[in-house]
Visitor: 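Dropping the structure in here first, questions after.
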Amino acid sequence: MTDQYRSRPPLDGVRVIDQTIGVAATATRLLAELGAEVVRVEPAGEPPLRRPAVDGTSIFDVIHQAGKYSIALSDSIEDRELYKRLISHADILVRDLPGPRGATAEALLCLNPGLVVAEISDFGLSGPYREWKAPEWVLQALSGVLANSGAPGEMPLFAPGTVISESAATQAAWPILVAYWNRLRNGIGDVVDISLFESALQAVDPGFGIAGSAAMGVPSSDGPRDRPDVAFRYPIFPCRDGLVRICLLSVRQWHGMRRWLGDPEEFLDQAFDNMRTRFAARDRLYPLIANLFSRFTTDELTAKGHELGVPIQGILALDDVLNSEHYESRGVFAHVPLAGGSRVARVVRGAIEIDGRRMSFERAAPEPGSDSQRVREIVEGEPLVGVSENKTYSAARPFAGLRVLDLGVIVVGAELGRLFADQGADVVKVETRAFPDGSRASAPDSVSPTFAWGHRNKRSLGLNLRSEAGIAHFLKLVSQSDVVLSNFKPGTMESLGLGIERLRSANPEVVVVESSALGSRGPWSQRMGYGPLVRAATGLTGVWRSDVEGSLPGDAATIYPDHIAARVCGVAALAALIGRRRGIEVTAVHVAQSEVVLGHLADVLVLESVECGAGAAWARRGGGGAPAGLYACAGEDEWCAITVREEAEWHSLCEVIGRPDLLSDRRFEDPTRRWQNHAALDKAIEEWTSGMHPRAAMTRLQQAGVPAGMMLRHAEQPDDPQLRERSYFGHLPQPQIDGGLITEKRPAIFQRVPAPPLAPAPIHGEHTREIAGELLGLLPEQIEEQIATGVLEVPA
């Protein structure tokens with residue numbers, strides 16, 4: 001690590017103007033963590049106290065505004081001029097409203113032609129829903145998360161806290177940096193239309209995206225209409241002091257579990273090496289596991305599972321997370337005094353590490369308008385150089401010319417490489433039959449729908465990295481590449497002889513990006529991690545349940561945090577490449593998937609850290625509001641989520657459902673009393689919704705300004721009017737799949753970056769001969785010889 005790097009994070013020198021009032025502030029905090037100078041422009045006057053609040057302090061602001069600067073501007077002529085000068089000194093503007101100046105994106109680009117304007121809204125700037133509202137529970141209903149959450153035959157179960165909104169806002173940082181990278185190439189800015197609805201569809205549990213290996217290639221959009229009965233994939237068992245969850249996916253993991261059980265004769269048949277066979281026999285297998293686990297504590301089971309190679313994790317409570325030795329050793333939490341200093345909250349610091357340094361805020365959230373002097377220093381400097389009218393704009397894909405070596409596996413690995421491939425990078429998936437990607441395992445020489453979604457636009461190189469010749473070939477590829485991606489257990493690359501130092505010796509400029517479940521160091525770092533185990537280790541599974549005594553978690557069918565963790569890795573990798581262009585050295589990027597989850601639970605954990613039980617209670621309220629809930633509609637298993645946050649919405653709700661009498665009922669006179677008496681209020685609302693189709697109920701309410709969303713199933717999304725009008729879906733041709741596939745097309749709508757081409761995912765080794773000749777410089781007879789010896793692999 002160089003002294004230069006120690007003082008300069010990758011986005012150092014990038015200036016971002018933040019005009020957000022909602023969850024979009026998550027995207028700008030992520031940019032601030034990576035070193036960007038983020039200046040919040042706030043309206044002059046006393047800011048409203050945003051909920052949740054503790055000791056008069058907005059927890060939202062403590063979390064989302066950390067690491068930023070703040071200036072308060074009025075509508076005076078002087079402040080308008082100051083705003084214009086600030087825009088002329090900016091690289092990126094992020095806003096979720098037109099902003100205090102009321103300036104259009106086009107007017108801002110006239111002030112600064114190199115500006116990237118990111119317009120973040122609930123549903124996007126076009127389409128029939130463009131004026132609608134999507135707080136957390138509405139977003140969950142429309143994104144498909146709700147339809148997958150909970151037990152079959154029972155009422156759907158909201159995910160806790162605001163993890164879906166936070167994930168959608170985190171995803172927004174990716175298209176923002178894609179547009180900024182494109183501006184660095186061309187010198188011309190962009191307007192990026194980012195829909196949180198569309199971002200949520202991609203970032204959490206996509207119905208038309210890659211799934212975990214336990215899904216065996218079957219898309220969730222092809223699942224049953226009711227909530228899928230898949231708890232058996234990642235079963236939970238009681239033990240002496242709590243609950244544990246296991247993941248038995250590979251043959252090696254199954255053999256470890258079988259040994260743990262004492263090699264019962266009825267399960268020695270090789271047929272049980274197949275996941276489907278084991279799942280079919282779960283009524284005989286799982287009782288044996290339950291009986292075994294009931295004798296031991298969580299710690300004893302975790303230790304034994306590690307010894308035998310069985311992925312296992314205790315279901316942690318929020319208090320367990322806050323007091324975890326592992327998270328403490330990794331410095332996950334900052335201790336932030338609240339107003340008056342009477343209580344100290346624990347705030348999640350950030351999930352990205354670069355060259356061993358955690359990318360986090362160094363300044364607490366500023367008081368509104370407290371950094372006026374810093375802003376005036378900015379605008380007194382030279383404005384950014386504008387764009388010459390004679391400059392030739394390149395229509396090439398933003399990442400054309402970049403090469404990425406993709407060693408990633410299953411969901412995180414697939415998605416991370418695909419993000420770069422979609423934008424024009426040459427992404428080479430390096431794989432071997434000896435250790436197949438779990439998402440290929442069910443069809444190693446074919447392509448399942450979920451694999452195709454995760455690997456479109458890539459090339460496949462079959463290469464045996466357990467051979468000296470294979471390692472030599474890989475290092476030659478590294479010498480011609482910009483990024484190396486992997487998401488193995490920490491230490492795996494080193495065991496292959498491909499540690500960071502060796503990769504950097506082959507190419508001092510290469511950026512090495514790794515992701516792991518629980519981080520590269522710490523007491524738990526060597527535990528095997530999959531999404532369900534990560535959720536268990538972060539407290540998410542523990543609170544993803546109803547408040548009914550003895551209820552089980554409802555997250556079994558959800559794929560989280562895999563997709564959004566891949567995007568956090570992508571943002572970090574792209575930031576590193578941006579830094580490299582500007583002379584900032586970056587060697588290694590590491591993202592702990594567990595810490596991505598903790599960041600999305602930050603408000604819940606802050607509340608829990610200052611008052612035991614407060615976080616869990618808040619988590620089940622979905623960010624507050626009253627009335628707020630899920631209401632049965634006409635038809636079988638049809639529901640509509642409704643969230644009232646303001647008095648105007650409450651009045652509109654009562655008018656729409658034909659109950660103006662509720663406005664004069666003392667039980668409902670304010671949000672607190674409405675929440676206390678929500679059972680009676682919910683009954684009144686459901687008397688209206690139960691006679692309506694959920695889409696009709698949603699439309700009536702939204703047109704009246706009341707946030708509402710029908711429970712939209714994945715299979716129904718391609719027919720959604722908003723997604724149709726915005727051309728969200730496209731067609732992916734895949735030779736192995738008759739008729740191809742429906743697929744999402746792009747992360748946002750750019751003014752200057754067209755939607756990606758949709759080229760099919762490769763079969764194993766499909767491009768081996770091509771890559772061996774083009775990049776390794778092998779002659780045709782040398783290629784065939786190395787195929788014969790097993791160094792190179794081609795389709796069977």
Side-chain angles (χ1 to χ4, degrees), residues 159-161 163 212 214 231-249 253 256-257 260-261 286-330 332-333 346 348 489-490 516-519 521-545 549-556 558 560-562 592-598 600-601 604-605 608-609 612-613 615-616 619:
V163 294
F232 61 85
R233 292 178 180 171
Y234 316 110
I236 294 173
F237 300 98
C239 60
R240 280 176 53 193
D241 61 350
L243 299 170
V244 293
R245 171 177 266 167
I246 61 172
C247 293
L248 297 179
L249 304 176
Q253 292 162 5
M257 186 72 248
W260 199 353
L261 290 169
Y286 288 2
L288 295 180
I289 299 174
N291 180 59
L292 173 67
F293 285 4
S294 67
R295 307 175 216 161
F296 301 98
T297 66
T298 302
D299 287 345
E300 290 168 340
L301 291 172
T302 304
K304 189 66 175 178
H306 179 71
E307 176 189 330
L308 294 171
V310 175
I312 185 169
Q313 174 61 52
I315 308 292
L316 300 189
L318 297 176
D319 188 58
D320 298 327
V321 172
L322 289 166
N323 294 294
S324 157
E325 178 189 0
H326 176 74
Y327 296 130
E328 181 66 27
S329 73
R330 289 185 51 74
V332 170
F333 296 104
R346 277 181 265 186
V348 180
K489 188 169 73 172
S516 65
L518 295 159
R521 54 185 170 76
W524 300 350
S525 63
Q526 291 301 304
R527 291 184 183 179
M528 286 177 285
Y530 297 92
L533 302 187
V534 170
R535 296 195 298 270
T538 54
L540 181 60
T541 296
V543 292
W544 197 324
R545 64 207 314 172
E549 183 70 26
S551 64
L552 290 175
D555 67 330
T558 300
Y560 172 85
D562 306 62
Q593 295 154 32
S594 57
E595 291 161 20
V596 173
V597 178
L598 295 177
H600 295 163
L601 282 174
V604 173
L605 290 164
E608 192 71 20
S609 72
C612 184

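Remember, predicted model here, so these are calculated numbers, not experimental data.
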Visitor: Keeping the roles fixed (side chain from Arg535, backbone from Trp544), state whether a donor-acceptor pair exists under 3.5 Å.
Guide: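 Pair absent, no side-chain N/O of Arg535 close to backbone of Trp544.
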
Visitor: Could you report the tightest heavy-atom contact between Ala536 and Ile315, atom names first, then the distance?
Guide: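 Looking at all heavy atoms of both residues, the closest pair is CB-CD1, 3.7 Å.
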
Visitor: First locate atom CG of Leu540, then atom CG of Leu316, and finally report the distance between them rounded to the nearest 0.5 Å.
Guide: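 So the gap between those two atoms works out to 11.5 Å.
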
Visitor: Before you tell me yes or no, could you show the steps for Val348 and Tyr327 under side-chain contact (heavy atoms from CB on, under 4.5 Å), namely the whole-Å CA-CA distance, both residues' side-chain angles and the distance that decides it to 0.1 Å?
Guide: CA-CA 10 Å; Val348 180; Tyr327 296 130; over 6 Å; no

Visitor: How long is the gap from CD on Gln253 to OH on Tyr530, to the nearest 0.5 Å?
Guide: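 Going from the CD atom of Gln253 to the OH atom of Tyr530 covers 3.5 Å.
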
Visitor: Got a second to check how far Leu301's CG is from Arg295's CZ, nearest 0.5 Å?
Guide: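 The distance works out to 10.5 Å.
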
Visitor: Could you pull out the closest heavy-atom pair between Cys239 and Thr298, with the gap in Å?
Guide: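 For Cys239 and Thr298, the tightest heavy-atom pair comes out as SG-OG1, 3.4 Å.
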
Visitor: Would you say Ser516 and Ser525 make side-chain contact, with heavy atoms under 4.5 Å?
Guide: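 They are not in contact (no side-chain heavy atoms under 4.5 Å apart), so the answer is no.
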
Visitor: When rounded to the nearest 0.5 angstrom, what is the spacing between CZ in Arg330 and CD in Glu595?
Guide: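 Between atom CZ of Arg330 and atom CD of Glu595 there are 4.0 Å.
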
Visitor: Count the heavy atoms of every other residue, nucleotide or ligand shown that sit under 6.0 Å from CD of Glu328, and state whether that count exceeds 12.
Guide: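 No.
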
Visitor: With side-chain contact (heavy atoms from CB on, under 4.5 Å) as the criterion, how do Asp241 and Glu300 come out once you've worked through the C-alpha distance, each side chain's angles and the decisive distance to 0.1 Å?
Guide: CA-CA 10 Å; Asp241 61 350; Glu300 290 168 340; over 6 Å; no

Visitor: Shortest non-hydrogen contact from Ser329 to Gly522?
Guide: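 Distance-wise, the nearest heavy atoms are OG-CA, 3.8 Å.
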
Visitor: For a quick test of reading the model, state the closest non-hydrogen atom pair linking Met257 to Val310 and the distance between them.
Guide: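 For Met257 and Val310, the tightest heavy-atom pair comes out as N-CG2, 3.4 Å.
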
Visitor: Please identify which of these residues, Pro553, Cys247, Pro311, meets the side chain to side chain contact (heavy atoms under 4.5 Å, CB included) condition with Tyr234.
Guide: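 Exactly one candidate clears the test, Cys247.
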
Visitor: Looking only at atom types and distance, does a side-chain atom of Gln313 sit under 3.5 Å from a main-chain N or O of Val534, one as donor and one as acceptor?
Guide: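 Not a single qualifying donor-acceptor pair exists.
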
Visitor: So, taking the atom named CG in Leu533 and the one named CZ in Arg527, what distance separates them when rounded to the nearest 0.5 Å?
Guide: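 It comes to 10.0 Å.
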
Visitor: Please report the closest heavy-atom contact between Ala616 and Val543, naming both atoms and the distance.
Guide: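 Minimum heavy-atom contact is CB-CG1, 4.2 Å.
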
Visitor: Side chains of Pro235 and Ile246: closer than 4.5 Å at any heavy-atom pair?
Guide: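 Yes. Closest side-chain heavy atoms under 4.5 Å.
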
Visitor: Under the side-chain contact (heavy atoms from CB on, under 4.5 Å) criterion, do Trp524 and Ser324 qualify, and how do the steps go?
Guide: CA-CA 10 Å; Trp524 300 350; Ser324 157; 3.5 Å; yes

Visitor: Compute whether any side-chain donor of one residue and acceptor of the other, for Asp555 and Thr541, lie under 3.5 angstrom apart.
Guide: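 Asp555 vs Thr541: donor-acceptor pair found between side chains.
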
Visitor: Just how far is it from atom CG of Asn291 to atom CG of Leu288, taken to the nearest 0.5 Å?
Guide: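 Reported value, rounded in 0.5 Å steps: 7.5 Å.
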
Visitor: Using only atom types and a distance under 3.5 Å, with no angle test, would you say the side chain of Glu608 pairs donor to acceptor with the backbone of Val604?
Guide: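 It does not hold such a pair.
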
Visitor: Tell me if a side-chain donor or acceptor on His326 pairs with a main-chain N or O of Leu518 at a distance below 3.5 Å.
Guide: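 A pair under 3.5 Å: yes.
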
Visitor: Show your reasoning for whether side-chain contact (heavy atoms from CB on, under 4.5 Å) applies to Lys304 and Phe296.
Guide: CA-CA 10 Å; Lys304 189 66 175 178; Phe296 301 98; over 6 Å; no

Visitor: For Phe232, is there any backbone N or O sitting under 3.5 Å from a side-chain donor or acceptor partner on Tyr286?
Guide: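 At least one qualifying donor-acceptor pair exists.
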
Visitor: Using 30° and 60° as the class boundaries, would you call the ring planes of Phe237 and Phe293 parallel, tilted or perpendicular?
Guide: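 Perpendicular: the ring planes of Phe237 and Phe293 meet at over 60°.
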
Visitor: Any side-chain to backbone donor/acceptor pair from Thr538 onto Val597? Under 3.5 Å, distance only.
Guide: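 Between the backbone of Val597 and the side chain of Thr538 there is no qualifying donor-acceptor contact (under 3.5 Å).
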
